[in-house]
Number of protein chains: 2
Amino acid sequence: MNIPVNPGDRYDVYCAACPTRMVLDRIADKWAMLILGRLARQPVRFNQLRREIDGVSQKVLSQTLKRLERDGLIARAVFATVPVTVEYSITPLGETLNDAVAALRTWAETHIETVLEAQRRYDKA
Amino acid sequence: MNIPVNPGDRYDVYCAACPTRMVLDRIADKWAMLILGRLARQPVRFNQLRREIDGVSQKVLSQTLKRLERDGLIARAVFATVPVTVEYSITPLGETLNDAVAALRTWAETHIETVLEAQRRYDKA
DNA sequence: CCGTATCCTGTCAGATACTG
DNA sequence: CAGTATCTGACAGGATACGG
């Protein structure tokens, strides 16, 4: 897909720098898309998010938020209240990604039954 | 997203049975989409695939193919030659998934520069 | 309230060797 | 050619405790 070498040569098909690969690695994350989807609805604070995304640990939530922020997909706003208030929100860029993922959601909902059926058939044999 | 409980209760937002989650887990795999994309072009044999998907180990390729076959996304055909010939091909179902992922590829190619730029800015601070 | 630091554990990919 | 079997190390993720 990326970086063709010479005719007949192999392609370095798994290229960490490949855009598609990078994005896939991102959304592949167990929690990232859930968080992004939640923030797409409205901004929310850390512990609120922690409660709503059930099952995520504090550490992993923190890590994931940091990564998403680094990628410019979400924004972090700090308010100097006592105690401090931190609010996370989705960015315009994050929204475009969220839209793109919608195609997958649609696929999933449309075809999941077919997949499950295929699994049952496979497991019989 | 799934399984609302009582008003005011938390939602079990990470639900392993959630269709979107299942599909995400599938394509999240490091190699699955590369393999599916390759098979979308034309059927191919095991070792041929192994050579083309550079960097994948025999074991992991085997595992991934098995999983994709189980999900009904690819098909495995055995020919009783000597030595035996095995050909993998994409199924119609697999093609629809491949199409859905195209939306992500497009997003990636369109926005990767913005993401990289955001990362550089973040890393400065 | 919003995290970081530390430890611990299970999972999984890679390497290697072997089989029909 | 097309895999399986086994071992190993790296690493992600959870639990817990603590700090700004």
Side-chain angles (χ1 to χ4, degrees), chain A residues 10 12-16 21-22 24-35 38-39 42-71 74-89 122 125, chain B residues 10 12-16 21-22 24-35 38-39 42-70 74-89 122-123 125:
Chain A
R10 300 187 249 161
D12 186 10
V13 70
Y14 177 77
C15 171
R21 165 62 28 203
M22 296 186 70
L24 227 45
D25 283 345
R26 202 69 36 171
I27 69 160
D29 183 87
K30 193 173 174 182
W31 305 105
M33 288 318 298
L34 292 172
I35 295 171
R38 175 59 189 85
L39 296 185
Q42 59 175 297
V44 86
R45 289 163 46 184
F46 186 86
N47 276 333
Q48 177 69 17
L49 202 52
R50 180 155 146 62
R51 278 187 296 271
E52 293 194 24
I53 309 289
D54 200 19
V56 71
S57 72
Q58 205 170 24
K59 181 181 121 186
V60 172
L61 178 57
S62 180
Q63 285 173 348
T64 307
L65 287 170
K66 221 180 283 182
R67 204 149 17 100
L68 290 172
E69 189 197 355
R70 187 173 110 97
D71 291 344
I74 69 174
R76 180 174 181 274
V78 183
F79 302 98
T81 53
V82 180
V84 66
T85 300
V86 179
E87 189 176 79
Y88 291 93
S89 59
Y122 183 94
Chain B
R10 300 186 249 161
D12 187 10
V13 69
Y14 178 76
C15 171
R21 166 64 25 205
M22 296 187 72
L24 227 45
D25 282 346
R26 201 70 36 172
I27 69 159
D29 183 88
K30 194 173 174 184
W31 305 106
M33 288 317 298
L34 292 173
I35 294 171
R38 175 60 189 83
L39 295 186
Q42 60 176 298
V44 85
R45 289 164 44 186
F46 186 86
N47 277 332
Q48 175 69 19
L49 203 50
R50 181 156 145 62
R51 278 187 296 271
E52 293 194 24
I53 309 288
D54 201 18
V56 71
S57 73
Q58 205 170 23
K59 182 181 115 184
V60 172
L61 178 56
S62 180
Q63 284 174 349
T64 307
L65 286 170
K66 222 180 280 183
R67 205 150 14 102
L68 290 172
E69 189 197 356
R70 187 173 110 97
I74 69 175
R76 180 175 181 273
V78 183
F79 301 98
T81 52
V82 180
V84 67
T85 300
V86 179
E87 191 176 79
Y88 291 93
S89 59
Y122 184 95
D123 291 342

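Each chain gets a letter, A, B and so on, in the order its sequence line appears, and its residues count up from 1. Heavy-atom basis, side chains included; hydrogens, waters and symmetry copies ignored.
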Sequence neighbours excluded and cut-off under 3.5 Å, please list the side-chain donor-acceptor pairs for residues 76-86 of chain B, or say none.
unit_1, atom_1, unit_2, atom_2, d
B:Arg76, NE, B:Tyr88, OH, 3.3
B:Thr81, OG1, B:Pro83, O, 2.7
B:Thr81, OG1, B:Thr85, N, 3.2
B:Thr81, OG1, B:Thr85, OG1, 2.7

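- Between the CZ atom of A:Arg45 and the C1' atom of C:dG3 there is a distance of 14 Å, given to the nearest Å.
- Checked against salt bridge (charged side-chain N to carboxylate O under 4.0 Å, His left out), B:Arg70 has the following partners two or more places apart in sequence or in another chain: A:Asp123.
- The CG atom of A:Leu65 lies 4.5 Å from the CD1 atom of A:Ile74; values are rounded to the nearest 0.5 Å.
- Expressed to the nearest 0.5 Å, how far CG of B:Leu49 lies from CD of B:Glu87 amounts to 11.0 Å.
- Residues meeting the side-chain hydrogen bond (donor to acceptor under 3.5 Å, both in side chains) test with B:Arg67, sequence neighbours left out: B:Asp29.
- Spacing between atom CZ of B:Arg67 and atom C1' of C:dT11 amounts to 13 Å, rounded to whole angstrom units.
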Check nucleotides 14-16 of chain D for protein N or O atoms closer than 3.5 Å to its own N or O atoms and list the pairs.
unit_1, atom_1, unit_2, atom_2, d
D:dG14, O6, A:Lys59, NZ, 2.4

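- Distance, B:Asp54 CG to C:dA13 C1': 16 Å, rounded to whole Å.
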DNA chain D base-pair string [pairs: Watson-Crick or G-U under 3.5 Å; |: paired with another strand]: ||||||||||||||||||.|
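- Counting only heavy atoms from C-beta outward, the side chains of B:Arg38 and B:Ile35 never approach each other to under 4.5 Å.
- Partners of A:Gln58 according to the side-chain hydrogen bond (donor to acceptor under 3.5 Å, both in side chains) rule, which considers only residues two or more places apart in sequence or in another chain, do not exist here.
- Among residues two or more places apart in sequence or in another chain, the side-chain hydrogen bond (donor to acceptor under 3.5 Å, both in side chains) test is passed with B:Gln63 by none.
- Note on B:Phe79: nothing from the nucleic acid sits closer than 4.0 angstrom, heavy atoms only.
- Residue B:Asn47 has its side chain nearest to D:dC1 when only C:dG3, D:dG3, D:dC1 are considered.
- Protein atom CD of B:Gln63 is 6 Å distant from nucleotide atom P of C:dA13, rounded to whole Å.
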